[in-house]
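Letters A, B, ... are given to chains in the order of the sequence lines, protein chains preceding strands, and every chain is numbered from 1.
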Number of protein chains: 2
Amino acid sequence: MARLPFSQQVRQAREDAIVDAVNRLLAGKGFDLMTMDEVAAEVGIAKASLYKHFDSKEALAAAAMKRLLNRARFELDRVEALTELDPLGRLQAVVRWTMGVQLAGEMPSLPSQNSSLRTALMADMDYMTLLLGVSERLSGWILQAQAAGQLGATVPPEVVLYTLFARACDPVLAVLKAGGHPDERIIDWVMATTFDGLRAR
Amino acid sequence: MARLPFSQQVRQAREDAIVDAVNRLLAGKGFDLMTMDEVAAEVGIAKASLYKHFDSKEALAAAAMKRLLNRARFELDRVEALTELDPLGRLQAVVRWTMGVQLAGEMPSLPSQNSSLRTALMADMDYMTLLLGVSERLSGWILQAQAAGQLGATVPPEVVLYTLFARACDPVLAVLKAGGHPDERIIDWVMATTFDGLRAR
DNA sequence: GTCTATATGAAGATAGAC
DNA sequence: GTCTATCTTCATATAGAC
């Protein structure tokens, strides 16, 4: 493992701090309402300095999203190593993890509608590669779980995948948190509605 | 029924046209990305004229939301009159309706995070009254369905209510529509995941 | 690379004639 | 009430000194 020069380590640490702040702000108020002034203030540097590290606001958000996807990939590795889990158990573990991230205020939220950010992300090859990688690993587990009869087969795998992604940024979590419920209970409830459905079993 | 003076009828028709345009734009790009210039262009009047009818951008969005809630109230009446439906059936009918509205591009979407719009809406008594009314009628059906053993009782009614609201603006619908699936099938899929859950029954 | 100061543009809202 | 033209604010992005 080659050691980086000290100056590059410093630069890396600073960029991590920037992405930290962006992640927090993205989780708290979203892309449109986040301003570069706020980011700079949060990090404690001048706004112009931000642009020495990232080309644009979109690039900043993209960096936060890429870090999230890397965290997700790491989590997928961890869950895959848990040999006591079956495919459904793995999916549930990952969904639980995403909800925990959101309740911790660390889930950067993108505008679901089209915007400058969406187009920037779709043109970002690194981001798209990461996203595709995570999607395909999840899809594999979904297919296994369906084949094993653990997941319902009335709905195509595609729909299951999108549903799981949607739970990662479900606004219901924030509403329940605002209602004063503890995180663990919130997660249990939303896990129950997601996997067991609203109808009585 | 007193007949309004002609001039007021004209005014009313114009304001309806404005709210139509706002509704479309809110559904398509959301509050933050909608601009007053676009609204004016869509209606075919000057931007300054908008302000003769509505005080602010927030007031414009509030008008669209209020009209949606009135449509919802009307739908609740319609479903309540269907005597062949039980409480669960009524809830499902309403959720189906909301999904249809969204797929038709007529569901104005609010930013889920705090913003100027949220505070404006919370201060709007007409809006809050409508919202509370719809919530309470739905809550009544939820309680009935739980008492009848049709809805799972592991989750509090509150959570069921929020989950149903969330389905009305579920981004999964738009993604599936972009995937080229017909509206009816999309609705069936999301209804299945919502009420039956992802796990096999 | 960091800063202060500024350019540029977009968007909400208004002035004032008709 | 409708229009054109304008005001004001604010946010992205950049210039240029150190």
Between [N] ([atom2]) and [X] ([atom1]): distance, integer Å:
X     : N     : atom1 : atom2 : result
B/K52 : D/dT4 : NZ    : P     : 14 Å
A/Q12 : C/dG1 : CD    : P     : 12 Å
A/I45 : C/dG1 : CD1   : C1'   : 10 Å

Quiz item: Between A/F31 and A/K57, is a side chain to side chain contact (heavy atoms under 4.5 Å, CB included) present by the stated rule, with each step listed?
Solution: CA-CA 9 Å; A/F31 180 74; A/K57 186 182 176 184; 3.7 Å; yes

Exercise. May I ask you to evaluate whether B/S49 reaches the phosphate of D/dG1, defined as a side-chain N or O under 4.0 Å from OP1 or OP2?
Key: no

Quiz item: Is the distance from OP1 or OP2 of C/dG1 to the nearest side-chain N or O of A/R14 less than 4.0 Å?
Solution: no

Quiz item: Is there a side-chain contact between A/Y162 and A/V159 (heavy atoms, below 4.5 Å)?
Solution: no

Self-check item: pair B/S109-B/L26: side-chain heavy atoms closer than 4.5 Å
Solution: no

Quiz item: Can a donor-acceptor pair be found between the side chains of B/R73 and B/N70 at a distance below 3.5 Å?
Solution: yes

Quiz item: For A/Q150 and A/D86, does a side-chain donor sit closer than 3.5 Å to a side-chain acceptor?
Solution: yes

Practice problem: Supply the atom-to-atom distance B/L121 CG to B/D126 CG, rounded to the nearest 0.5 angstrom. | Solution: 11.5 Å

Listing time: all N or O pairs from protein to nucleotides 11-15 of chain C that are below 3.5 Å?
unit_1 : atom_1 : unit_2 : atom_2 : d
C/dG12 : OP1    : B/M34  : O      : 3.4
C/dG12 : OP1    : B/K57  : NZ     : 3.0
C/dG12 : OP2    : B/M36  : N      : 2.8
C/dG12 : N7     : B/K47  : NZ     : 3.3
C/dA13 : OP2    : B/Y51  : OH     : 3.0
C/dA13 : OP2    : B/K57  : N      : 3.0
C/dA13 : N6     : B/K47  : NZ     : 3.0

Self-check item: Contact list for DNA chain D against residues 18-29 of chain A - heavy-atom distance below 4.0 Å
Solution: none

Self-check item: Heavy atoms from other residues, nucleotides or ligands near CG of B/D16 exceed 12 (cutoff 6.0 Å)
Solution: yes

Quiz prompt | side chain to side chain contact (heavy atoms under 4.5 Å, CB included) against B/V95, all qualifying residues, sequence neighbours excluded | solution = B/T98, B/M99, B/L164, B/R167, B/M191, B/F195

